[in-house]
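Only this structure's heavy atoms are used, side chains among them; waters, hydrogens and symmetry mates stay out. Every chain is numbered from 1 and lettered A, B, ... according to where its sequence line falls, protein lines coming before strand lines.
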Amino acid sequence: MMPMPIAAIQDILDGKYAGKPVSVRGWIYRKRESKKTIFLVVRDASGIIQCTVKTDNPSWTQAEKITIESSVMITGTVKQDKRASGGYEITVEKLSIIGLAETFPITQDKSEEFLRDVRHLWLRSRRMSLIMRVRSEVLRFTHEFFRKEGFIEVSPPMFISSACEGGSTLFGLKYFGKDLYLTQSAQLYLEALIYSLEKVYCVAPSFRAEKSRTIRHLTEYWHIEPEWAFADMDDLMRVEEDLLSYICQKTAEDCKREIESLGADISKLKVVNTPFPRITYTEAIEKLTAKGFKIKWGEDFGYDDEKALAEEFGKPFFVYAYPRQIKAFYCKTHRDNPDLVMSTDMLVPRIGEISTGGAREDDKEELLRRIRELDLREEDYKWYIDLRRYGTVPHVGFGLGLERLLTWMLDLENIIDAIPFPRTTRRFYP
RNA sequence: GCCGCCGUAGCUCAGCUAGGUAGAGCGGCUGGCUGUUAACCAGUUGGUCGUAGGUUCAAGUCCUACCGGCGGCGCCA
């Protein structure tokens with residue numbers, strides 16, 4: 001017998017093999033038995049299809065002993081049949097068990113807690129595989145966008161020797177007896193790279209030791225970070241909104257089937273067009289005060305403040321020009337108003353902040369003043385200060401949380417589903 | 001860091017208010033069933049009630065501590 005090419009189940013469901021012999025391989029998704037027929041629903045990466053085995057078939061004994069999640073290779077004939085849920089089924093001629101599964105622990109009535117315990121198995125679910133497909137596409141669109149705009153992809157270090165922002169949220173580790181940390185942003189390293197490459201970006205993990213117990217925090221998340229030279233705040237917000245609308249438009253177009261299967265609202269992606277609404281921090285405070293919020297100028301927004309602002313816009317928007325005292329040392333001060341720094345957050349409904357960016361302080365003396373003002377140790381930032389010493393240049397950059405973006409795009413209830421193996425304060429297994 | 005909730009069979013839960021010696025559904029197993037759609041029907045299997053103390057004649061139930069988990073705030077992307 002000639003070896004038969006392996007068919008993707010989705011192609012069979014699309015009618016490409018009607019009446020023809022095929023082979024499929026995959027895993028047993030459901031098994032239903034009656035006296036004369038065994039129905040095996042088989043899942044591969046592309047879809048699921050029902051296969052039927054009759055008593056007179058030599059594979060009957062194999063079919064009888066097969067279990068849910070066993071891996072199989074099936075050869076048979078495709079039959080159009082209204083009784084099969086996809087419209088097509090395979091009449092089995094040969095069933096080979098590749099790996100017989102023990103009783104699969106995931107059945108019905110699954111609790112969140114249990115599914116997190118068996119995450120390595122739950123990833124097989126239709127829901128998780130749909131999310132992972134969209135995640136992959138969003139990453140592809142991100143790379144496409146930056147390449148198109150002339151950015152060079154670079155690889156920052158994960159081990160770092162000094163604090164980038166506040167030291168309290170860094171994970172420490174022993175490095176041949178020395179104290180090191182896991183990076184919480186590639187920004188400072190990207191800044192060093194713009195002096196040769198001008199426009200750079202990376203997609204890399206960031207680690208944060210924040211003891212946050214919310215549906216929008218991970219201790220390990222993937223950070224999309226560009227940084228580029230000869231640019232100002234206007235350039236920054238323009239590139240950022242272009243990226244977001246590119247990702248949203250392309251995803252709405254190319255992942256329609258996945259988004260619909262996930263039950264997410266595709267229309268909110270389609271309305272993400274440039275330019276985005278932009279308001280200053282001061283305007284945001286005025287809006288909130290008018291709504292009766294207690295926040296005062298100079299205080300940072302709480303989650304409720306962000307939510308109230310985001311609901312008003314109903315789509316991504318920028319808040320910019322923040323008070324100096326609530327932003328990091330590297331933020332560039334407005335030359336005409338030293339109380340303000342050139343920093344911007346992008347906010348979306350329900351999630352709040354998904355990105356922070358801004359112009360970086362490019363004047364050595366101003367930077368040193370800020371380092372002293374915040375009681376940071378100058379020696380920790382020696383190489384960073386050096387960058388202002390040799391051909392300093394106005395530059396900007398931002399960091400976008402990939403999982404927060406996906407949580408918003410796909411209406412996920414919890415950020416943990418935006419990454420296959422989530423790490424949170426209390427969970428790091430599997 | 002602060003606050004709230006949860007922990008009983010492989011899984012989902014009831015039992016706790018009012019202390020009296022462990023229940024159901026799903027799964028597994030066995031049998032039945034003329035094509036099922038999370039199949040159905042019958043039977044059966046299955047438990048140191050998170051851990052350790054305490055109160056009591058008696059604790060899954062009341063009390064204390066601890067452990068594990070989930071969420072809210074703060075912080076952040």
Give [X] one of three labels, base, sugar-phosphate or nothing, depending on what nucleic acid heavy atoms sit under 4.0 Å from its own.
{"X": "A:Leu218", "result": "base"}
{"X": "A:Phe114", "result": "sugar-phosphate"}
{"X": "A:Phe104", "result": "nothing"}
{"X": "A:Gly302", "result": "sugar-phosphate"}
{"X": "A:Glu112", "result": "nothing"}
{"X": "A:Asp300", "result": "sugar-phosphate"}
{"X": "A:Lys65", "result": "nothing"}

Answer yes or no: side-chain N or O of [X] and base N or O of [N] forming a donor-acceptor pair under 3.5 Å.
{"X": "A:Thr169", "N": "B:C76", "value": "no"}
{"X": "A:Arg213", "N": "B:G71", "value": "yes"}
{"X": "A:Ser212", "N": "B:G74", "value": "yes"}
{"X": "A:Arg404", "N": "B:C76", "value": "yes"}

Closest heavy-atom pair and its distance - [X], [Y]:
{"X": "A:Ile68", "Y": "A:Phe104", "result": "O-CB, 4.2 Å"}
{"X": "A:Ser129", "Y": "A:Arg126", "result": "OG-O, 3.1 Å"}
{"X": "A:Glu403", "Y": "A:Ile415", "result": "CB-CG1, 3.6 Å"}

Distance check: side-chain N/O of [X] vs OP1/OP2 of [N], anything under 4.0 Å?
{"X": "A:Arg426", "N": "B:G71", "value": "no"}
{"X": "A:Arg116", "N": "B:C70", "value": "yes"}
{"X": "A:Asn414", "N": "B:C70", "value": "no"}
{"X": "A:Ser111", "N": "B:U12", "value": "yes"}

When the [atom1] atoms of [N] and [M] are considered, how many whole Å apart are they?
{"N": "B:U51", "M": "B:G68", "atom1": "P", "answer": "15 Å"}
{"N": "B:G46", "M": "B:G35", "atom1": "C1'", "answer": "33 Å"}
{"N": "B:G20", "M": "B:U61", "atom1": "C1'", "answer": "11 Å"}
{"N": "B:G4", "M": "B:G47", "atom1": "P", "answer": "37 Å"}
{"N": "B:G74", "M": "B:C3", "atom1": "P", "answer": "16 Å"}
{"N": "B:C16", "M": "B:U21", "atom1": "C1'", "answer": "16 Å"}

Contact list (N/O, under 3.5 angstrom) for nucleotides 31-33 of chain B vs protein:
| from | atom 1 | to | atom 2 | distance (Å) |
| --- | --- | --- | --- | --- |
| B:C33 | OP2 | A:Lys35 | NZ | 2.6 |

What is the separation between atom [atom1] on [X] and atom [atom2] on [N], rounded to the nearest whole Å?
{"X": "A:Lys36", "N": "B:U36", "atom1": "NZ", "atom2": "C1'", "value": "15 Å"}
{"X": "A:Ile416", "N": "B:G69", "atom1": "CD1", "atom2": "P", "value": "13 Å"}
{"X": "A:Glu69", "N": "B:G27", "atom1": "CD", "atom2": "C1'", "value": "15 Å"}
{"X": "A:Lys110", "N": "B:C11", "atom1": "NZ", "atom2": "C1'", "value": "10 Å"}
{"X": "A:Leu244", "N": "B:A77", "atom1": "CG", "atom2": "C1'", "value": "13 Å"}
{"X": "A:Ile351", "N": "B:C76", "atom1": "CD1", "atom2": "P", "value": "18 Å"}
{"X": "A:Gln80", "N": "B:G35", "atom1": "CD", "atom2": "P", "value": "23 Å"}
{"X": "A:Glu353", "N": "B:C76", "atom1": "CD", "atom2": "P", "value": "7 Å"}

Whom does [N] pair with, Watson-Crick or G-U wobble, provided both distances fall under 3.5 Å?
{"N": "B:G31", "value": "B:C41"}
{"N": "B:G71", "value": "B:C3"}
{"N": "B:U64", "value": "B:A52"}
{"N": "B:A24", "value": "B:U12"}
{"N": "B:U17", "value": "none"}

Parallel under 30°, tilted from 30 to 60°, perpendicular over 60°: which one fits the rings of [X] and [Y]?
{"X": "A:Tyr381", "Y": "A:Phe329", "answer": "tilted"}
{"X": "A:Phe398", "Y": "A:Phe146", "answer": "tilted"}
{"X": "A:Phe141", "Y": "A:Tyr246", "answer": "perpendicular"}

Please determine whether the number of non-hydrogen atoms from other residues, nucleotides or ligands lying under 6.0 Å from atom [atom1] of [X] exceeds 12.
{"X": "A:Lys148", "atom1": "NZ", "value": "yes"}
{"X": "A:Arg25", "atom1": "CZ", "value": "no"}
{"X": "A:Arg350", "atom1": "CZ", "value": "yes"}

Do the side-chain N and O atoms of A:Glu240 and A:Ser355 include a donor-acceptor pair separated by under 3.5 angstrom?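 A pair is found: one side chain offers a donor N or O, the other an acceptor, under 3.5 Å apart.
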Residues in contact with RNA chain B, drawn from residues 22-32 of chain A - heavy-atom cutoff 4.0 Å: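 Only A:Arg30, A:Arg32 qualify.
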By a strict heavy-atom criterion of less than 4.0 Å, which residues belonging to residues 82-91 of chain A are in contact with RNA chain B?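 Listed by number, they are A:Arg83, A:Ala84, A:Ser85, A:Glu89.
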Going by heavy atoms in the side chains, are A:Phe276 and A:Met346 under 4.5 Å from each other?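 Yes, close enough: below the 4.5 Å cut-off.
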Do the non-hydrogen side-chain atoms of A:Tyr384 and A:Gln187 ever get within less than 4.5 Å of each other?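 Yes - at least one pair of side-chain heavy atoms lies under 4.5 Å apart.
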Taking only nitrogen or oxygen atoms into account, show me every contact under 3.5 Å that the protein makes with nucleotides 44-50 of chain B, one pair per line with its distance.
none

So which protein N/O to nucleotides 5-8 of chain B N/O distances come out below 3.5 Å?
none

Where the side chain of A:Glu210 is concerned, which of B:G35, B:G27, B:A77 is the nearest nucleotide?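 Looking only at heavy atoms from C-beta outward on A:Glu210, the closest nucleotide is B:A77.
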Nearest of B:G35, B:C76, B:G27 to any side-chain atom of A:His217?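 The nucleotide sitting nearest to the side chain is B:C76.
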Donor-acceptor pair, distance only, cut-off 3.5 Å: does the side chain of A:Gln62 make one with the backbone of A:Ser59?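 Flag not set: sc A:Gln62 to bb A:Ser59 has no pair under 3.5 Å.
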Between A:Phe421 and A:His120, does the ring centre distance come in under 6.0 Å?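 Not under 6.0 Å, so no.
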Tell me, please, which residues at least two apart from A:Asp300 pass salt bridge (charged side-chain N to carboxylate O under 4.0 Å, His left out).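 Scan of A:Asp300 (salt bridge (charged side-chain N to carboxylate O under 4.0 Å, His left out), adjacent residues dropped) gives none.
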